[in-house]
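Input: a single structure, listed below in structure tokens.
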Amino acid sequence: MTDIIRFNPQEYNKKLAEALKNIEEFEMPEWAGFVKTSSSKERPPQDLDFWYKRVASILRQLYKNNLVGVNRLRTRYGSKKNRGMKPERFRKAGGKIIRTILQQAEKAGFVEKAEIKKRKGRRLTEKGKQFLEEIK
């Protein structure tokens, strides 16, 4: 059993994304290649492995924060919007990609819906924690 938070996040997410490609529940939908990740972005992601990297990042956030909802993840993946001559403003990320990834993780058995002290969200199951800790 290892603590994945101590690893370099970029290297760990790359290894996790490679491992997630072998799981059939995590498959990039057809529409994902044409959709921007946020209203603050100008174009859709150009990286072919974008979907698996985002899945890895979301699973790591769930491991780190224990209980996370879609709205918090939208804030986490948001960015500043370039508004021309006007000052930049923060915009949340779109929720469709995040919701779809969480639904795929539920099908795989890595995530479950939970409620702790009136806070609703999703958390990792034992199977999900074990999968994340196996990757080094």
Side-chain angles (χ1 to χ4, degrees):
M1 185 166 158
T2 59
D3 188 17
I4 69 169
I5 295 174
R6 294 183 183 175
F7 296 137
N8 181 358
Q10 293 169 339
E11 292 175 13
Y12 180 79
N13 282 352
K14 284 181 184 177
K15 291 177 184 176
L16 182 57
E18 289 297 321
L20 289 169
K21 287 181 185 179
N22 300 327
I23 299 174
E24 62 186 37
E25 282 85 8
F26 295 109
E27 188 175 328
M28 184 171 157
E30 291 179 23
W31 54 263
F34 307 105
V35 178
K36 299 190 307 180
T37 57
S38 172
S39 64
S40 62
K41 302 295 182 186
E42 291 184 10
R43 295 174 174 251
Q46 299 298 313
D47 187 8
L48 298 175
D49 293 336
F50 159 77
W51 190 263
Y52 301 103
K53 289 179 181 178
R54 182 60 57 100
V55 172
S57 178
I58 288 175
L59 290 177
R60 189 172 181 282
Q61 289 296 316
L62 286 166
Y63 185 90
K64 197 167 78 169
N65 297 324
N66 203 12
L67 183 72
V68 179
V70 174
N71 209 27
R72 182 171 289 186
L73 289 171
R74 285 183 66 201
T75 304
R76 167 72 177 81
Y77 294 108
S79 61
K80 290 185 177 182
K81 181 177 178 74
N82 182 357
R83 303 187 319 150
M85 296 297 290
K86 296 181 274 184
E88 293 180 339
R89 280 205 178 157
F90 181 81
R91 295 284 180 241
K92 289 184 179 181
K96 175 72 174 181
I97 292 174
I98 295 170
R99 272 192 307 277
T100 305
I101 287 172
L102 290 172
Q103 289 165 359
Q104 288 178 351
E106 280 184 24
K107 281 184 183 177
F110 291 170
V111 176
E112 65 185 359
K113 290 183 180 177
E115 184 174 348
I116 300 174
K117 296 182 182 177
K118 297 185 180 180
R119 285 186 57 211
K120 292 182 180 179
R122 289 184 170 91
R123 67 177 173 197
L124 285 175
T125 61
E126 287 301 318
K127 180 182 176 185
K129 285 180 185 176
Q130 187 177 18
F131 178 77
L132 291 177
E133 290 171 350
E134 285 175 0
I135 294 170
K136 296 178 183 175

- Message: Parallel, tilted or perpendicular: which one describes the rings of Y12 and F7, with boundaries at 30° and 60°?
- Response: parallel

- Are I23 and Y63 connected in the hydrophobic side-chain network, where two residues link if heavy atoms are under 4.5 Å apart? yes

- Query: Hey, what do you get for CD (E30) to CE (M28), rounding to the nearest 0.5 Å?
  - Reply: 10.0 Å

- Taken to the nearest 0.5 Å, the spacing of K15 NZ from Q10 CD works out to 13.0 Å

- Query: For G94, does its backbone N or O pair with a side-chain atom of S38 as donor and acceptor, under 3.5 Å?
  - Reply: no

- Query: Does the side chain of K64 reach to within under 4.5 Å of the side chain of R60, using non-hydrogen atoms?
  - Reply: yes

- Item | Residues that S79 engages under side-chain hydrogen bond (donor to acceptor under 3.5 Å, both in side chains), provided they are two or more places apart | S40

- Query: So, E25 side chain and A105 main chain: donor-acceptor pair closer than 3.5 Å or not?
  - Reply: no

- Query: Is atom CZ of F90 surrounded by more than 12 heavy atoms (other residues, nucleotides or ligands) closer than 6.0 Å?
  - Reply: yes

- Separation between CD (Q104) and CD1 (I58), nearest 0.5 Å, reads 10.0 Å

- Item | Contact summary for L67 and A114, nearest pair of heavy atoms | CD1-CB, 3.9 Å

- Task: Would you check if the side chain of N82 reaches a backbone N or O of G84 as a donor-acceptor pair within less than 3.5 Å?
- Result: yes

- Can you find a heavy atom in the side chain of W51 that is under 4.5 Å from one in the side chain of I101? yes

- Note on the structure: Here the salt bridge (charged side-chain N to carboxylate O under 4.0 Å, His left out) pairs for residues 37-55, sequence neighbours left out, are K21-D49, D47-K53

- With rounding to the nearest 0.5 Å, note down the distance linking CG in L132 to CG in L62. 8.5 Å

- Task: Please identify each residue that fulfils side-chain hydrogen bond (donor to acceptor under 3.5 Å, both in side chains) with S57, with sequence neighbours left out.
- Result: Y77

- Does W31 reach the side chain of T100, with side-chain heavy atoms less than 4.5 Å apart? yes

- Message: Any non-hydrogen side-chain atom of T37 less than 4.5 Å from a side-chain atom of F50?
- Response: yes

- Atom NZ of K14 and atom CG of N8: how far apart are they, to the nearest 0.5 Å? 9.0 Å

- Determine whether the side chains of Y52 and E18 contain a donor N or O and an acceptor N or O closer than 3.5 Å. no

- Among the clusters formed by ILVMFWY side chains lying less than 4.5 Å apart, do V68 and I5 turn up in the same one? yes

- Are any of the side-chain heavy atoms of L20 and L59 separated by less than 4.5 Å? yes

- Item | Main-chain N/O of A108 paired with K127 side-chain donor or acceptor, under 3.5 Å | yes

- Query: Would you say Q46's side chain and P44's backbone share a donor-acceptor pair under 3.5 angstrom?
  - Reply: yes

- Message: For R123, give me all partners under side-chain hydrogen bond (donor to acceptor under 3.5 Å, both in side chains), at least two apart in sequence or on another chain.
- Response: E112

- Message: Quick check on the hydrophobic clustering: are I97 and F34 connected, directly or via other members, by side-chain heavy-atom contacts under 4.5 Å?
- Response: no

- With a 4.5 Å heavy-atom cut-off, do I4 and I135 have their side chains touching? no

- Item | Any pair counted as salt bridge (charged side-chain N to carboxylate O under 4.0 Å, His left out), so long as it reaches residues 95-108, sequence neighbours left out | E106-R122

- Count the heavy atoms belonging to other residues, nucleotides or ligands that lie under 6.0 Å from CZ of R72, then report whether that count exceeds 12. no

- Message: Could you report the tightest heavy-atom contact between A56 and A17, atom names first, then the distance?
- Response: CB-N, 4.0 Å

- Kindly compute the distance separating CG (N66) from CG (L124), expressed to the nearest 0.5 Å. 8.0 Å

- Could you please spell out the steps behind the side-chain contact (heavy atoms from CB on, under 4.5 Å) verdict for V55 and L16? CA-CA 9 Å; V55 172; L16 182 57; over 6 Å; no

- Quick note, salt bridge (charged side-chain N to carboxylate O under 4.0 Å, His left out) partners involving residues 79-93, not counting sequence neighbours, are none

